[in-house]
Novice: 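Quick one: structure below, then a few questions.
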Amino acid sequence: MQDPPSPASAVPHFFRRHEAAAYVQAAYGFPCSRQWLAKLAVIGGGPVFHKAGRTPIYAPADLDAWALARIGAPQRSTSDRPSARAEG
């Protein structure tokens, strides 16, 4: 008979803002800082975040979706026109 999963394994993991920035930079290779994420939280365009009291926290899946959406289509030249996906 198997033991039921421990409560700790069912708890989702969230990153604080500085951890989220480090995660995006390490996983996707483009610059990301806690200050930039803070600015995007105010003006929009950043990853989805939650609040734990006053502290913004980020789910890894939300960071992944945001980072992948920021990466454009492949280009062969700087003069290539953006794809229709990027324009719309």
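The chain is numbered in sequence order, starting from 1. These figures come from a predicted structure and were not determined experimentally. Note that these values count all heavy atoms, side chains included, but never hydrogens, waters or copies made by symmetry.
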Novice: Would a 4.5 Å heavy-atom cut-off, applied to side chains only, mark Phe14 and Asp62 as touching?
Specialist: no

Novice: Between Ala21 and Ser33, which heavy-atom pair has the shortest distance, and what is it?
Specialist: CB-C, 3.5 Å

Novice: Going through the distances and angles, do Trp36 and Val24 end up as a side-chain contact (heavy atoms from CB on, under 4.5 Å)?
Specialist: CA-CA 12 Å; Trp36 186 47; Val24 168; over 6 Å; no

Novice: Please tabulate, for the side chains in residues 39-61, all donor-acceptor contacts under 3.5 angstrom to protein atoms that are two or more places apart in sequence or on a different chain.
Specialist:
from, atom 1, to, atom 2, distance (Å)
Tyr58, OH, Arg17, NE, 3.0
Tyr58, OH, Arg17, NH2, 3.3

Novice: Of all residues at least two apart in sequence or in a different chain, which pass the side chain to side chain contact (heavy atoms under 4.5 Å, CB included) check with Glu19?
Specialist: Phe15, Arg16

Novice: Please list all pairs passing the side chain to side chain donor-acceptor pair (under 3.5 Å) test where one or both residues lie in residues 23-32, with sequence neighbours left out.
Specialist: Tyr23-Asp64, Tyr28-Asp64

